[in-house]
Amino acid sequence: MLTLKFIQEQKDEVIKRLKVKRFDATEIIEEIIRLDNERKSTQAQVETLQAEMNSLSKEIGQLFKSGQVEEANKAKAKTGELKDSIKELDNKLSETTTQLNNQLVQLPNVPNELVPEGKGEEDNVEVKNGGKIPELHNAVPHWDLIKQYDLIDFELGTKITGAGFPVYKGKGARLQRALINFFLDEAVKAGYMEVLPPLVVNEDSGFGTGQLPDKEGQMYHVTADNLYLIPTAEVPVTNLYRDVILKASEMPIKNCAYSACFRREAGSWGAHVRGLNRLHQFDKVEIVQVAHPSNSYEVLEQMVAHVQTLVEKLELPWRILRLCGGDISFTSALTYDFEVYSAAQERWLEVSSVSNFESYQANRLKLRYKEDGEKKTQLAHTLNGSALALPRIMAALLENNQTEEGIRIPEVLVPYTGFDIIK
RNA sequence: GGAGAGAUGGCAGAGUGGUCGAAUGCGGCGGUCUUGAAAACCGUUGUACCGCGAGGUACCGGGGGUUCGAAUCCCUCUCUCUCCGCCA
């Protein structure tokens with residue numbers, strides 16, 4: 001969430017920039033400022049009374065100690081009223097604070113200046129592309145290829161779990177594992193430290209990265225223990241740094257993680273979400289960085305560059321989009337999406353999303369740093385990106401590399417798969 | 001799942017109703033000494049909020065209560081450890 005200081009000091013700027021996200025913040029900001037001011041004055045009152053109470057209590061203690069019991073009892077009588085006022089004001093204070101927080105979490109992150117105006121996907125701006133779109137005739141879509149070569153079984157998944165939970169089999173499973181290992185190895189080579197996090201997180205973690213309180217419905221909730229299945233490794237990995245004060249010299253922190261990801265995603269199930277295009281459970285390798293505010297945008301560029309090397313090595317046609325205000329997420333300040341071209345579906349598939357959250361998550365996480373020798377703490381910046389999400393990569397690889405003989409495996413993956421063609 | 005013990009500052013660990021934001025040790029930082037380092041010695045060392053400032057307030061796992069006053073007493077939740085059971 002945004003800091004109160006920022007909102008108070010740059011109110012008009014916040015309203016203006018949130019318009020790019022198509023969010024009218026005028027009212028909510030007025031309310032936040034009103035509540036914050038109320039909070040401050042109530043707090044001042046409470047603290048004055050508490051100070052009074054503290055000194056009175058000390059006096060009573062002294063009186064008892066010196067045996068002046070009567071005096072002490074007299075003084076005691078005075079505290080009752082004070083106590084009541086403190087209690088009353090204290091209740092008001094916590095009520096105001098709760099209301100303030102409720103408003104604050106509803107305010108999205110302000111977008112960076114680079115974020116273009118726009119309503120939705122169609123207004124995203126292509127910033128770069130590469131690779132070659134293969135020319136295939138009668139290309140078979142991946143949902144048919146996986147049946148033909150017996151790589152993934154959706155019906156079996158439906159039988160044991162439900163729709164959107166595929167079962168990978170034989171070379172399909174092996175290819176999946178190859179991609180995971182390839183992505184992890186590449187990330188480690190690029191300086192990211194690998195972590196293998198829990199796939200289930202608590203409420204605090206969900207709040208820290210911004211999934212809770214509002215996007216509850218998108219996660220699977222283990223109600224018996226009040227835990228959530230992670231929608232992305234971003235959640236557990238970023239939360240490793242919750243309530244942490246770093247030294248400036250420790251940044252940037254670079255972590256990567258493979259995880260299964262779980263999404264309830266109550267969307268439609270038409271042609272565009274067929275096969276591997278949208279699943280309830282899928283695999284992903286995520287890269288996460290905690291960076292100094294002064295260079296977090298350079299870090300973002302590096303992360304984008306890293307993802308680019310992946311799609312290039314996989315020989316997939318790719319393009320990078322800068323998300324417009326209407327398509328960028330609630331918590332992000334700037335996001336680049338990677339898409340790869342899927343030759344049989346004849347459309348671009350999103351396979352990565354790389355974002356700078358600036359201090360928006362850090363403020364929720366209480367993730368701070370100190371400059372060398374400085375006493376005051378400042379909020380760090382957090383970033384993350386998919387590197388990469390597997391299912392659509394798999395879809396594109398299968399569709400783009402289909403030949404008369406079978407499905408050709410890109411060279412970089414052969415050491416991982418142990419085969420160079422699926423027949 | 002059953003029984004017991006516990007949760008205090010970066011770490012270890014004292015404190016069982018007032019003078020305790022909290023002893024002491026270690027670690028960190030600064031200094032003295034030294035050509036430099038080590039050792040020794042001296043000093044310093046939590047976070048947040050309010051306030052221009054002086055200063056004030058809160059925090060001893062979380063929440064609630066008792067009391068003029070709570071790290072300390074009571075209730076409750078969470079977590080950790082030990083033993084037993086079960087188990088990949």
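The structure presented is a predicted model; accordingly, all values stated were derived computationally and were not measured. Chain letters run A, B, ... following the sequence lines, proteins first and then strands; every chain starts at 1.
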Just list the side-chain donor-acceptor pairs under 3.5 Å for residues 154-163 of chain A, sequence neighbours left out, or say none.
{"residue": "A/T158", "atom": "OG1", "partner": "A/F154", "partner atom": "O", "Å": "2.9"}

Kindly list each side-chain donor-acceptor pair under 3.5 angstrom involving residues 188-203 of chain A, sequence neighbours excluded, with atom names and distances?
{"residue": "A/K189", "atom": "NZ", "partner": "A/E186", "partner atom": "OE2", "Å": "3.1"}
{"residue": "A/Y192", "atom": "OH", "partner": "A/Q289", "partner atom": "NE2", "Å": "3.0"}
{"residue": "A/N202", "atom": "OD1", "partner": "A/D204", "partner atom": "N", "Å": "3.3"}
{"residue": "A/N202", "atom": "OD1", "partner": "A/S205", "partner atom": "N", "Å": "3.0"}
{"residue": "A/N202", "atom": "OD1", "partner": "A/S205", "partner atom": "OG", "Å": "3.1"}
{"residue": "A/E203", "atom": "OE1", "partner": "A/N226", "partner atom": "ND2", "Å": "2.6"}

With a 3.5 Å cut-off and sequence neighbours excluded, list the donor-acceptor pairs that the side chains of residues 45-55 of chain A form with protein atoms.
{"residue": "A/E47", "atom": "OE2", "partner": "A/Q43", "partner atom": "NE2", "Å": "3.0"}
{"residue": "A/T48", "atom": "OG1", "partner": "A/A44", "partner atom": "O", "Å": "2.7"}
{"residue": "A/N54", "atom": "ND2", "partner": "A/Q50", "partner atom": "O", "Å": "3.4"}
{"residue": "A/S55", "atom": "OG", "partner": "A/E52", "partner atom": "O", "Å": "3.0"}

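Comparing B/A14 with B/G25, their P atoms are spaced 15 Å from each other, to the whole Å. The same atom, C1', is picked in B/G4 and in B/C68; the two are 38 Å apart, to the nearest Å. Annotation: B/C60 and B/A39 have their C1' atoms spaced 35 Å apart (nearest Å). Separating the P atom of B/C81 from that of B/G69 is a span of 37 Å, rounded to the nearest Å. Nucleotides B/G15 and B/G53 have their P atoms positioned 40 Å apart, rounded to a whole Å. Rounded to whole Å, the separation between the P atoms of B/G9 and B/A5 comes to 23 Å. Distance check on atom P: B/C74 versus B/C79 gives 22 Å, rounded to whole Å. Spacing between B/C77 and B/C29 at atom P, rounded to whole Å, works out to 44 Å.
When distances run from any side-chain atom of A/I60 to the nucleotides B/G46, B/C68, B/G65, the shortest one goes to B/C68. Closest approach to the A/K370 side chain among B/U47, B/A48, B/C68 is made by B/U47 (side chain taken as heavy atoms from C-beta onward). Each of B/A48, B/A58, B/C68 was ranked by its minimum atom distance to the side chain of A/K76; first place goes to B/C68. Between B/C49, B/A58, B/G18, one nucleotide has an atom nearer to the side chain of A/Q50 than all others, and that is B/A58. For A/Q43, counting side-chain heavy atoms from C-beta on, the closest listed nucleotide (B/C68, B/C50, B/U57) is B/C50. Among B/U47, B/G69, B/A58, the nucleotide with an atom closest to any side-chain atom of A/N54 is B/A58. Closest to the side chain of A/F64, from the set B/C68, B/A48, B/C50, is B/C68. Taking the side chain of A/I245 as heavy atoms from C-beta on, and the options B/U47, B/C50, B/G56, the nearest nucleotide is B/U47. The A/R39 side chain lies nearest to B/C49 when the options are B/U57, B/C49, B/A48.
Cation-pi contact between A/R177 and A/Y416: absent, since separation from the ring centre below 6.0 Å together with deviation from the ring axis within 45° is not met.
Of the possible polar contacts, one joining the A/T417 side chain to the A/V414 backbone as a donor-acceptor pair under 3.5 Å is found. A donor-acceptor contact shorter than 3.5 Å is absent between the side chain of A/E315 and the backbone of A/P410. For the pair A/R264 (side chain) and A/G217 (backbone), a donor-acceptor distance under 3.5 Å is present.
The 5' end of RNA chain B is approached more closely, in terms of each residue's nearest nucleotide, by A/K87 than by the other of A/K83 and A/K87. Of the two residues near RNA chain B, A/T79 and A/V46, the one whose nearest nucleotide lies more 5' is A/V46.
Neither OP1 nor OP2 of B/U47 sits under 4.0 Å from any side-chain N or O of A/T377.
Rounded to a whole Å, the CG atom of A/D225 is 13 Å from the C1' atom of B/U78. Rounding to whole angstrom units, CG of residue A/D243 and C1' of B/G46 are separated by 14 Å. Taking atom CG on A/N73 and atom P on B/U67, their separation rounds to 15 Å, with Å as the unit. Between the NZ atom of A/K40 and the P atom of B/A48 there is a distance of 16 Å, given to the nearest Å. Distance A/L93 CG to B/A48 P: 18 Å, rounded to the nearest Å.
A/F262 and A/Y220 have perpendicular rings, their planes meeting at more than 60° on a 0 to 90° scale where under 30° would count as parallel.
The pair A/D84-A/K87 does not count as a salt bridge, with every side-chain nitrogen at least 4.0 angstrom from each carboxylate oxygen.
In secondary-structure terms, RNA chain B builds stems of at least 3 consecutive Watson-Crick or G-U pairs, each pair having both distances under 3.5 Å, at B:1-7 with B:78-84, B:10-12 with B:24-26, B:27-32 with B:40-45, B:46-50 with B:55-59, B:61-65 with B:73-77.
Applying a 4.0 Å cut-off to non-hydrogen atoms, none of the residues of residues 195-212 of chain A approaches RNA chain B.
Residues satisfying the salt bridge (charged side-chain N to carboxylate O under 4.0 Å, His left out) criterion with A/R368, sequence neighbours excluded, are absent altogether.
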- What's the verdict on side-chain contact (heavy atoms from CB on, under 4.5 Å) for A/V20 and A/I328, showing C-alpha distance, side-chain angles and the deciding distance? CA-CA 10 Å; A/V20 175; A/I328 193 170; over 6 Å; no
